[in-house]
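Any value given below was found using the heavy atoms of this structure, including those in side chains, with hydrogens, waters and symmetry copies removed. Since we're looking at a predicted model, the values are computed, not measured. Labels below follow one simple rule: chain letters A, B, ... track the order of the sequence lines, proteins then strands, and each chain is numbered from 1.
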Amino acid sequence: MSFPRKTHWTKDVIPELDGKEVVLAGWVWDIRDLGNIKFILLRDREGTIQLTIKKGAVSDSVWSLIQSLGREDAIVVKGVVKASKVAKAGVEVFPSEIHVVAKSKALPIDIWGSVETDLDTRLRYRSVDLKRPINSLIFRVESEVVHAIRDTLYGQGFIEVFTPKIIVTSTEGGAELFAVQYFERVAYLAQSPQLYKEELTASLERIFEIAPAYRAEKHNTNYHLNEFISVDIEEAFANYTDVMAVLEDVIVNVYDRVNKMFGNELARYGIEIKIPRKPFRKITYDEALDILGRRGLKVNWGDDVPKNGMEILSEEFGEPFFIIHFPTDLRAFYTKPLDSDPKISESFDLVMGGLEIASGSSRIHIKEQLIEALRKRGLNPESFESHLMVYDYGMPPHAGWGMGLYRLLMVLLKRDNIREVVLYPRDRFRLEP
RNA sequence: GCCCCGGUGGUAUAGCCCGGUCUAGUAUGGCGGCCUGUCGAGCCGCAGACCCGGGUUCAAAUCCCGCCGGGGCGCCA
């Protein structure tokens with residue numbers, strides 16, 4: 001099978017190329033057959049373009065090949081661009097060669113948008129579902145979001161690291177872990193890079209990681225997954241307010257970049273990107289409880305803010321906003337208490353879309369205090385020996401946060417199910433595809 | 001774990017409450033045909049479904065139980 005190399009994306013075929021020869025490649029999106037004139041909509045990752053084929057104006061071999069063409073056949077097309085008043089896009093391509101490089105059967109789901117398919121069914125045929133233009137857009141945006149996060153963090157002196165995802169024990173208690181067989185031993189999938197990234201501040205100072213995290217929780221919601229991408233940063237010689245500022249920069253840059261690159265395309269799907277302004281509002285946990293109390297939702301001091309509480313606060317303040325100064329006991333053991341009031345911690349959650357998008361804190365950097373914090377939570381310091389060791393050799397004060405990439409995307413793209421923004425989601429009942 | 005809802009052609013649904021009228025309707029997709037400017041193309045024709053198991057009944061897509069799934073909440077650095 002020989003065919004010429006693709007020279008243009010469909011979106012790059014513009015009226016100004018009139019008369020130029022191009023090679024396009026992609027899939028047959030639609031065929032409108034009027035007998036002696038046929039229109040083929042060719043789709044690739046970036047969009048669609050109309051191919052126009054008139055009987056008599058093309059070779060007999062191209063004409064006969066068209067007869068057997070079906071939707072989603074993969075084709076490579078060489079042809080001449082024509083600016084056009086008739087074609088709605090203002091441009092079309094008259095093919096001189098068409099290579100059918102793969103045939104397609106009838107699709108198991110509708111990707112054209114005339115019939116909405118259930119998410120569950122779409123995920124079962126996910127690789128077919130991903131052909132839908134909205135999905136192509138979602139994942140191009142996702143790539144750009146990660147790009148913007150990296151740019152922001154590199155720009156502030158962070159370097160990207162990779163920590164083990166197969167670990168020996170729970171990093172911090174809390175969430176359930178998946179057990180895996182590691183030769184003769186049992187190991188676990190990491191729920192977070194937390195301890196490693198803290199350790200790395202003692203050498204690499206400012207680090208970040210974008211990597212999967214695993215939670216063996218049997219939750220069944222539209223915003224939880226058992227495998228997700230966590231964006232984690234940790235910064236030496238910094239506290240929680242410093243890293244909140246980093247987080248604000250990351251969020252604003254992400255929104256700004258997505259708006260610049262995809263704003264128009266997203267608007268066609270009714271998705272509006274509102275760039276948040278810095279600094280984000282910060283309310284304390286105590287203030288949050290007061291407000292919720294006034295709005296008729298009683299939350300006991302020391303309990304987490306429930307989901308409907310987040311939503312009430314979102315209404316009250318607009319988004320995004322931080323909740324800061326959570327009760328120390330509510331947070332993980334490494335969270336640093338306020339010097340002025342140890343019941344309260346130097347901690348924060350970032351709330352967007354009524355969801356906890358990120359959470360972080362200043363960390364305890366003094367070994368004795370950390371051991372004390374472990375004990376208070378009923379954890380055995382001996383099982384944290386390799387972690388505690390680093391605190392003997394000049395552990396700097398440090399702070400950091402973790403952000404759920406998919407939650408950010410879900411809010412950014414206004415999807416109501418997190419699975420929409422994940423290529424192959426892993427949830428309680430879905431292990432394939 | 002709790003609550004709610006649902007399983008009908010490839011997909012999405014109507015019918016179910018009130019059993020017989022269902023030879024199961026519609027849309028979209030598929031297949032075949034017609035048309036030289038379609039762009040949600042149009043027109044004609046064809047094929048295609050009651051999740052499974054049990055129960056009630058003269059009779060079950062329809063009622064009951066199981067099974068399976070979805071949604072919401074909770075749990076969750």
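Within 3.5 Å, no donor on the side chain of Glu217(A) pairs with an acceptor on the base of rG74(B), nor the reverse. Counting atom types as modelled, Lys54(A) pairs a side-chain N or O with a base atom of rG37(B) as donor and acceptor under 3.5 Å. The base of rA77(B) sits with one of its N or O atoms less than 3.5 Å from a complementary donor or acceptor on the side chain of Arg215(A).
Across all non-hydrogen atoms, the minimal contact from Arg71(A) to Trp29(A) is NE-O, 3.6 Å. Of all the heavy atoms in His387(A) and Tyr391(A), the pair that sits closest is NE2-OH, 3.3 Å.
Thr221(A) comes within 4.0 angstrom of a base, heavy atoms only. Residue-level contact check: Asp304(A) touches neither bases nor backbone, having no heavy atom under 4.0 Å from any strand. Nucleic acid contact class of Glu92(A) (heavy atoms, under 4.0 Å, all strands): base. Nucleic acid contact class of Phe94(A) (heavy atoms, under 4.0 Å, all strands): base. Counting any heavy atom pair closer than 4.0 Å across all strands shown, Ala89(A) reaches no nucleic acid atom.
Ion pairing of Arg124(A) with Asp120(A) is present here, as a side-chain N (NZ or NE/NH1/NH2) and a carboxylate O approach within less than 4.0 Å. Between Glu311(A) and Lys307(A) there is a salt bridge, with a side-chain nitrogen of the basic residue lying less than 4.0 Å from a carboxylate oxygen of the acidic one.
Thr152(A) and Asp249(A) share no donor-acceptor pair across their side chains, judged by distance under 3.5 Å alone. In the model, Asn135(A) has a side-chain atom that pairs as donor or acceptor with a side-chain atom of Asp129(A) under 3.5 Å. Side-chain N/O atoms of Ser104(A) and Glu72(A) include no donor and acceptor closer than 3.5 Å.
Using C1' as the reference atom, rC22(B) and rA59(B) are 14 Å apart when rounded to the nearest Å. With C1' as the reference atom, rC51(B) and rG10(B) are 16 Å apart, rounded to whole Å. Comparing the P positions of rC5(B) and rG20(B) gives a spacing of 23 Å, expressed to the nearest Å. Separating the P atom of rA61(B) from that of rC17(B) is a span of 12 Å, rounded to the nearest Å. Only the C1' atoms considered, rC3(B) is 23 Å distant from rC16(B), to the nearest whole Å.
Rounded to whole Å, the distance from NZ on Lys55(A) to P on rU36(B) is 10 Å. Distance, Gln50(A) CD to rU36(B) P: 16 Å, rounded to whole Å. Computed from coordinates, the His224(A) NE2 to rC75(B) P distance equals 9 Å when rounded to whole Å. In this structure, Ile53(A) atom CD1 and rU38(B) atom P are separated by 16 Å, rounded to whole Å. If you measure from atom CG of Asp416(A) to atom P of rG72(B), you get 8 Å, rounded to the nearest angstrom. Rounded to an integer number of Å, the gap from Asn226(A) CG to rC75(B) P is 16 Å. If you take CD of Glu356(A) and C1' of rC76(B), they are 9 Å apart, rounded to a whole angstrom.
Ring geometry for Phe326(A) against Tyr285(A) counts as tilted: the plane angle lies between 30° and 60°, on a 0 to 90° scale. Using bins of under 30°, 30° to 60° and over 60° for the plane-to-plane angle, the ring pair Phe322(A)/Phe348(A) lands in the perpendicular bin.
Dense packing is recorded around CG of Asp341(A), with more than 12 heavy atoms of other residues, nucleotides or ligands lying under 6.0 Å away.
Taking only side-chain atoms of Ala213(A), from C-beta outward, the nucleotide of rU28(B), rC73(B), rA77(B) with the closest atom is rA77(B). Nearest to the side-chain atoms of Asp120(A) among the listed nucleotides rG69(B), rC73(B), rU38(B) stands rG69(B).
Position along RNA chain B of the nearest nucleotide to Ser84(A) versus Ser114(A) favours Ser114(A) as the more 5'-ward residue.
In this structure, rG42(B) forms a base pair with rC34(B), meeting either the Watson-Crick or the G-U wobble geometry with both donor-acceptor distances under 3.5 Å. Searching all strands for a Watson-Crick or G-U wobble partner of rA14(B) with both distances below 3.5 Å returns nothing. Nucleotide rG53(B) has rC65(B) as its partner under the Watson-Crick or G-U criteria, with both atom distances under 3.5 Å.
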Sequence-aligned protein contact record of nucleotides 11-16 of chain B, with B where the base is within under 4.0 Å of a protein heavy atom and S where only the sugar-phosphate is: BSS---
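Look at Tyr214(A) and you won't find any side-chain N or O under 4.0 angstrom from OP1 or OP2 of rC76(B). Contact between the side-chain N/O atoms of Arg71(A) and the OP1/OP2 oxygens of rC31(B) is not found at any separation under 4.0 Å. Proximity of Asn417(A) to the phosphate of rG70(B): no side-chain N or O atom is located under 4.0 Å from OP1 or OP2.
Phe317(A) does not carry Arg281(A) over the face of its six-membered ring by the limits of under 6.0 Å from the centre and within 45° of the normal.
Listed in residue order, the members of residues 23-39 of chain A having a heavy atom less than 4.0 Å from RNA chain B are Asp30(A), Arg32(A), Asp33(A), Leu34(A), Gly35(A), Asn36(A), Ile37(A), Phe39(A).
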